[in-house]
Amino acid sequence: MNAAKSPWWHTATIYQIYPRSFSDSNGDGIGDIPGIINRLDYLADLGINAIWLSPIYKSPMDDNGYDISDYQEVAAEYGTLEDFDYLVAEANTRGIGIILDLVVNHSSDEHPWFIDACGSRDSKYRDFYTWRDPAPGGGVPNDIPSVFGGAAWSFHEPTGQYYFHQFTRRQPDLNWQNPELRESIYRMMNWWLDRGIAGFRMDVIDLIGKEPDRGITAEGPHLHTYLQEMHARTYGGRDILTVGETWSATPNSALLYSGRNRNELSMIFQFEHVTQAWHPIHGKWQPMDFDLVALKEVLGKWQLALAEDGWNSLFWGNHDLPRAVSKYGDVSGYHKQSAKMLATVLHLLKGTPYVYQGEEIGMTNVSFTSIEQFKDVETLNMHRLHLEAGLSANEFIAGANVNGRDNARTPMQWTQAEHGGFTTGSPWIEVNPNYRHINVEASLSDSQSILAHYRHLIGLRNQHPVIVYGRYQSFLDQDPQFFVYTRTLNDQMLLVVANFSNKPGMLELPDELQLQGECISYNYDPVDHIGPQTELQPYEAFAVLCRGNK
Ligand code: GLC
Ligand code: CA
């Protein structure tokens, strides 16, 4: 492949901001757009190329902005449209693009379309949503469950029908079968594109082809037709990044979404590496340890499936997932080493890496003790349902502290000042008490910090095409302790080695990997020579680049 002609997002690293929790400029305890602008120099210094902003639109905030009541207005607590335009301009002057979250599987129940639709069965907007009569004997039209618990149908008394919602009852699903709805969405997208944004992250986009009557929610029959239509009507001719959130994607469908000639998306977020560590029945609320052999198998499968066509996204965390270092590393014994190890493994894979805010300083899960400390609508709904089903409050809280979404949503830890320097007021959700030693200020003054390691890895991607385009091959697939892979491009080979354990271990590599080269990344001492046996320290990870000397 000719690297010179490839899209910018092949070499880009993206940083995700959850606006509510990033930086508060006016002391109301809620992060905002001017707060983000104040931190742009920090992000530019980290070397990222674009920011994915979780929703900033007007919203009653039932699901922190993933419930939009006006797609063309900024939430008052986050700022104004003017602030947003200023953010785009200021980011652009630092070489950073702004990627917006496109939440169009559903709207808020306070969106004027839904309010009008509720007015009568004859409303012009009634068909923008999905309405069905009660089942013949009464009750819900069918048994599709909501992702956040309970039924996906709620009864609307005044008009005598049920409406469909895959998330909370305050997030009614939009009906993509209606062409006028689709046109309205495309108009809105173009309006934002014209403001100079760099792309869209598309919320649960695999659900828009739903056919509720047939029990189909994800990857419905018209999904790809809609995406191709969207591409043609909006961003097709523009140089932007599009990434679809697709919990249901398989390697096969990934090629449909992100194939070079498909005219759909740049890439998708797949979640197989996340869900493989979930309990088969109780999902994330009954936490299980992850299994390295299974994790390697999943990541490797995706690397190979999208090797020739399509494109991978690479991430450990986001605003819905626990903190990566808590999930896959060792916060108490090897915080720094394990956080750097995880970053090394992920950033040297093929794909576009995403850094979730705070990951770059090793932010960790919280330990809340009372349900009042949790704010997430999913956690609160599930708390009610699981307690009704017999789980004790303590058991539930233990699970939520491991996998709940609030872990990712505690405020960004900037300094060791009160509330981590996130706000001068009182934060909407408590700051993790470990802000006193885990914070940006401390990281900036430490040349060995996790932050310094991220900056280094992000820089490497721009220097070495082998990281962007090299062919992936894995080794020691059945080994439960080490993750070993190579990336090969022309006469260059990059060897990446990681110890996923808090114990040291003896690594024995096949002859072909006993080599010499330049150690371009490490978290203990540089390793430039691999013999028949190499002793690895707890969570040690390094990468050796060999040029033409194999
Ligand atoms: C996506 C978002 C999540 C949100 C849900 C409904 O999964 O990432 O935060 O709650 O969609 O919009
Ligand atoms: Ca604020």
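Read the numbers this way: they start at 1 and go in the same order the structure lists the ligands and their atoms.
Nearest protein heavy-atom contact of atom 7 (O) of ligand 1 is Glu245 OE2, 2.8 Å. Regarding atom 9 (O) of ligand 1, its nearest protein heavy-atom neighbour is Asp320 OD1, 2.7 Å. With hydrogens left out, the protein atom closest to atom 10 (O) of ligand 1 is Asp63 OD2, 2.5 Å, a heavy atom. If you check which protein heavy atom lies closest to atom 11 (O) of ligand 1, you get Asp203 OD1, 2.9 Å. Of the protein's non-hydrogen atoms, Phe167 CE2, 3.8 Å is the one closest to atom 5 (C) of ligand 1.
With ligand atoms numbered from 1 in the order given, ligand 1 contributes 9 (O) to contacts under 4.0 Å with heavy atoms of Arg409. Contact atoms of ligand 1 toward Val204: 1 (C), 7 (O), 11 (O) (distance under 4.0 Å to a heavy atom of the residue). Within the listing of ligand 1, atoms 3 (C), 4 (C), 9 (O), 10 (O) sit less than 4.0 angstrom from a heavy atom of Arg405.
With the Ca ion (ligand 2) as the vertex, atom OD1 of Asp24 and atom OD1 of Asp28 span an angle of 90° (nearest 10 degrees).
The pair Asp63-Arg405 meets the salt-bridge criterion, since a charged nitrogen lies less than 4.0 angstrom from a carboxylate oxygen. Ionic pairing of Arg170 and Asp67 is not present here: no N-O contact between side-chain nitrogen and carboxylate oxygen is shorter than 4.0 angstrom. Between Arg94 and Glu90 there is a salt bridge, since at least one side-chain N of the basic residue sits less than 4.0 Å from a carboxylate O of the acidic one.
Ligand 1 lies nowhere less than 4.0 angstrom from a heavy atom belonging to Met202. Residue-ligand proximity: Gln166 is placed with every non-hydrogen atom at 4.0 Å or more from ligand 1.
Residues Ser253 and Glu219 have side chains that bring a donor and an acceptor to within less than 3.5 angstrom of each other. Side-chain contact check for Asp116 and Ser123: at least one donor-acceptor pair (N or O, by modelled atom type) lies under 3.5 Å. Under the 3.5 Å distance criterion, with hydrogens and angles disregarded, no donor-acceptor pair is assigned to the side chains of Asn49 and Thr13.
Shown are His319, Arg201, Glu359; of these, the side chain to side chain donor-acceptor pair (under 3.5 Å) with Gln16 is made only by His319.
The part of Phe148 lying near ligand 1 is the side chain, judged by heavy-atom distances below 4.0 Å. The residue Glu378 has no part lying near ligand 1, judged by heavy-atom distances below 4.0 Å.
In summary, Ile30 places an N/O/S atom under 3.0 Å from the Ca ion (ligand 2), meeting the contact criterion.
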